[in-house]
Amino acid sequence: MWNRRRFLEALSGLPFVSRIGVPALGAGAATLLPVEAAAKGGRDFFRELGVRPFINASGTYTAMTASLMPPEVMDAIEYASNHYVMLEELQIKVGERIASLVHAEAALVTSGAASALTLGTAAVLTGTDQQKMIALPDLTGGASMKSEVIIQKSHRFGYDHAVRNCGVRMVEVETREDLERAVNPNTAMMLFYNNNNKEGRIQDEEFVQLGKKHGVPTFNDAAADVPPVENLWKYTKMGFDLVAFSGGKGIRGPQSAGLLLGRKDLIAAARLNAPPNGNTVGRGMKVNKEEIVGMLAALELYLKKDHAREQQDFERRAETIRKSVATVPGVTAEVFTPEVANHVPHVRVTWADNKTLTPSAVVTAMRDGEPSIAIRSEGPALVIGVWMMRPREDEIVAKRLRQVLAQGLAKT
Ligand SMILES: *Cc1c(COP(=O)(O)O)cnc(C)c1O
């Protein structure tokens, strides 16, 4: 009989009952998503749709939906969903609260760090001039605006598209002398990519000083750069006029939220370039009241948490995985922590014969296996991120990865 159940089985490509319990994996399996939904008697949307959830053993990647919101954040979202409020009033009040929490002059909840980059740039270009807001991204028309953004060559990155959305042109420099020569009456802003601080010839503090010296606003994209928690105020205190963070990475707020922090006049101008104002570059970057309140709740929770204990937990998870896979003959595993972005313990796994068993084949086997686990390959290595896992998933990942590597290398 071709009933709904059979149809769903066909969609997911998996038999219905076999995924309940997953006995081979022991106690940890009880934490898997489909089991939870079934246990609560709720509707299992992902199974219904044939979308397969997985253990996130990678990190805060947008493609993998990045982070899970804690229950306190979901409570805030649920709370906000039951009332009407004026969007602008809520943005202003939440902005004030967030600013005081992170010791910034002002703050705005944006729809992600990418939107913070666009709105911050728009703010610099338009100020509170409505004609300019309407003209954006046309910088040359009646409401003539500055059009150049200075950036170090080593700081060019994919996300600078969010800045270019405002119609500006990137002017690349390498040395301090280059930068000072590049400043001219058409210079709107100086953009800094925090993760590449060490790669540039001009580092953060000097960059800020140069901005101040020439009267050009400086903007630091630190989207993925908490932890450490102190980074939430480090760069505004250093003197950057604007700083962007993602809301849905380490802070674990809504994935579609972000923070723009900085100078009061610029934050006010950024807000004017966003909803509810319709004729603006930011109109497509709506943040709803649920996300705004959820972002505040997530930030408060993040600031209160025991960061040292969390760090120990991440280290323990990484060590569990490292130890497990290192038992496979020929496999080398080490724990490492990226210096700036995603500054939490990861595991790097390599083996000698990575032509016969390629890292990407292991990634596929892990994703297609049971349970599904998302890890990443980087050149000749596998990289496992532990911070977005749920409790005890590290044990599942440790065991599965050891199995997949042992089997794959036994065949070769
Ligand atoms: C993730 C990221 C962004 C985009 O952040 P969203 O919150 O997803 O919009 C921008 N810049 C950098 C450096 C990032 O890592």
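Counting convention: from 1, in listed order, for ligands and their atoms alike.
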Taking 4.0 angstrom as the limit, do [X] and [Y] come out as a salt bridge?
{"X": "Glu370", "Y": "Arg52", "result": "yes"}
{"X": "Arg309", "Y": "Asp313", "result": "no"}
{"X": "Arg322", "Y": "Glu319", "result": "yes"}
{"X": "Glu334", "Y": "Arg348", "result": "yes"}

Qualifying side-chain hydrogen bond (donor to acceptor under 3.5 Å, both in side chains) pairs with a residue from residues 210-222, counting only residues at least two apart or across chains
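The answer is Glu180-Lys213, Glu180-His214, Asn194-Asn220, Thr218-Asp241.
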Protein N/O near ligand 1 N/O, under 3.5 Å, which pairs?
from: ligand 1; atom 1: 5 (O); to: Ser246; atom 2: OG; distance (Å): 3.0
from: ligand 1; atom 1: 7 (O); to: Ala113; atom 2: N; distance (Å): 2.8
from: ligand 1; atom 1: 7 (O); to: Ser246; atom 2: OG; distance (Å): 2.7
from: ligand 1; atom 1: 9 (O); to: Ala113; atom 2: N; distance (Å): 3.0
from: ligand 1; atom 1: 9 (O); to: Ala114; atom 2: N; distance (Å): 2.9
from: ligand 1; atom 1: 11 (N); to: Asp221; atom 2: OD1; distance (Å): 3.4
from: ligand 1; atom 1: 11 (N); to: Asp221; atom 2: OD2; distance (Å): 2.7
from: ligand 1; atom 1: 15 (O); to: Lys249; atom 2: NZ; distance (Å): 2.8

Determine whether more than 12 heavy atoms belonging to other residues, nucleotides or ligands lie under 6.0 Å from atom CD of Glu205.
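No, CD of Glu205 has 12 or fewer neighbouring heavy atoms, counting only those of other groups under 6.0 Å.
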